[in-house]
Amino acid sequence: MKSIKQRLLFLGPPGAGKGTQAERLCASHGLMHLSTGDLLRAEVAANSPLGQEAAAVMNRGELVSDDLVLAIVEKQLTTQSGGWLLDGFPRTVIQAEALEPILEQLKQPIQAVVLLELNDAALIQRLLSRGRTDDNESVIRHRLEVYRKKTAPLIDHYRQQGLLETVEAHGSIEAITSSIEAVLC
Ligand code: AMP
């Protein structure tokens with residue numbers, strides 16, 4: 001199998017398939033899958049103080065605080081040595097700016113940012129079929145709004161850095177994985 005870039009970031013609206021594609025890519029290319037949503041859900045399931053703080057915010061479709069996710073991500077990044085894929089982080093310009101000095105210190109710059117694109121109708125349909133507690137229609141619409149307002153500005157941020165690769169997230173799971181691999185060679 002062809003080797004791909006080793007330090008990646010997935011960007012895109014909720015429902016675009018970031019989690020599914022990140023898992024597949026990480027499994028075939030030996031990267032660490034770092035999903036802040038998954039890490040937060042694990043804290044909620046464990047009913048830890050951090051999880052208790054995050055649960056209500058997540059169920060409303062809001063973003064948990066930048067400080068909280070940054071602490072989680074920094075710990076994960078500084079305790080690994082191989083490649084990684086950040087999925088669902090950064091979600092705000094503040095998070096992106098805070099990530100930069102951490103990666104600089106680790107001498108592990110981001111090699112590519114993959115933007116998964118999909119239209120709203122398809123996003124909502126996918127999210128409704130997923131059945132997560134934060135996946136009812138009004139929360140979904142709110143999450144899409146939060147994405148547009150707070151996360152979408154990162155598209156230009158990374159485009160300006162020359163890191164952005166856009167992939168249309170239509171079609172079969174396998175076909176989308178191949179399109180992602182093609183932009184990461
Ligand atoms: P996800 O699994 O990426 O859709 O994330 C689920 C929820 O976790 C989001 O709606 C947020 O409430 C929270 N979350 C995940 N990642 C972040 C992040 N980087 N910053 C703030 N909140 C986050």
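Ligands are counted one by one from 1 in listed order, and the atoms in each one are counted from 1 as well. Starting from 1, each residue takes its place in the sequence as its number. Keep in mind that the numbers below use all heavy atoms, side chains included, and drop hydrogens, waters and symmetry copies.
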For [X], which fellow cluster members are found when Ile, Leu, Val, Met, Phe, Trp and Tyr are connected by side-chain heavy-atom distances below 4.5 angstrom, either directly or through intermediates?
| X | value |
| --- | --- |
| Leu127 | Leu118, Leu123, Ile124, Leu128, Ile140, Leu144 |
| Val146 | Leu63 |
| Val139 | none |

Considering only N or O atoms, set out every pair between ligand 1 and the protein closer than 3.5 Å, with distances to one decimal place.
| from | atom 1 | to | atom 2 | distance (Å) |
| --- | --- | --- | --- | --- |
| ligand 1 | 2 (O) | Arg41 | NH1 | 2.9 |
| ligand 1 | 2 (O) | Arg41 | NH2 | 2.9 |
| ligand 1 | 3 (O) | Arg91 | NH1 | 3.1 |
| ligand 1 | 3 (O) | Arg91 | NH2 | 3.2 |
| ligand 1 | 4 (O) | Arg91 | NH2 | 3.4 |
| ligand 1 | 4 (O) | Arg132 | NH2 | 3.3 |
| ligand 1 | 5 (O) | Arg91 | NH2 | 3.2 |
| ligand 1 | 12 (O) | Glu62 | O | 2.6 |
| ligand 1 | 16 (N) | Thr36 | OG1 | 2.7 |
| ligand 1 | 16 (N) | Gly88 | O | 3.4 |
| ligand 1 | 16 (N) | Arg91 | NH1 | 3.4 |
| ligand 1 | 19 (N) | Gly88 | O | 3.0 |
| ligand 1 | 19 (N) | Gln95 | OE1 | 3.0 |
| ligand 1 | 20 (N) | Gln95 | NE2 | 2.9 |
| ligand 1 | 22 (N) | Val64 | N | 3.1 |

- Query: Quick check: are there more than 12 heavy atoms from other residues, nucleotides or ligands sitting under 6.0 Å from CG of Leu106?
  - Reply: yes
- Query: With the threshold set at 4.0 Å, does a side-chain nitrogen-carboxylate oxygen contact exist between Asp120 and Arg141?
  - Reply: no
- Ionic contact status for Arg91 with Asp66, cut-off 4.0 Å: no
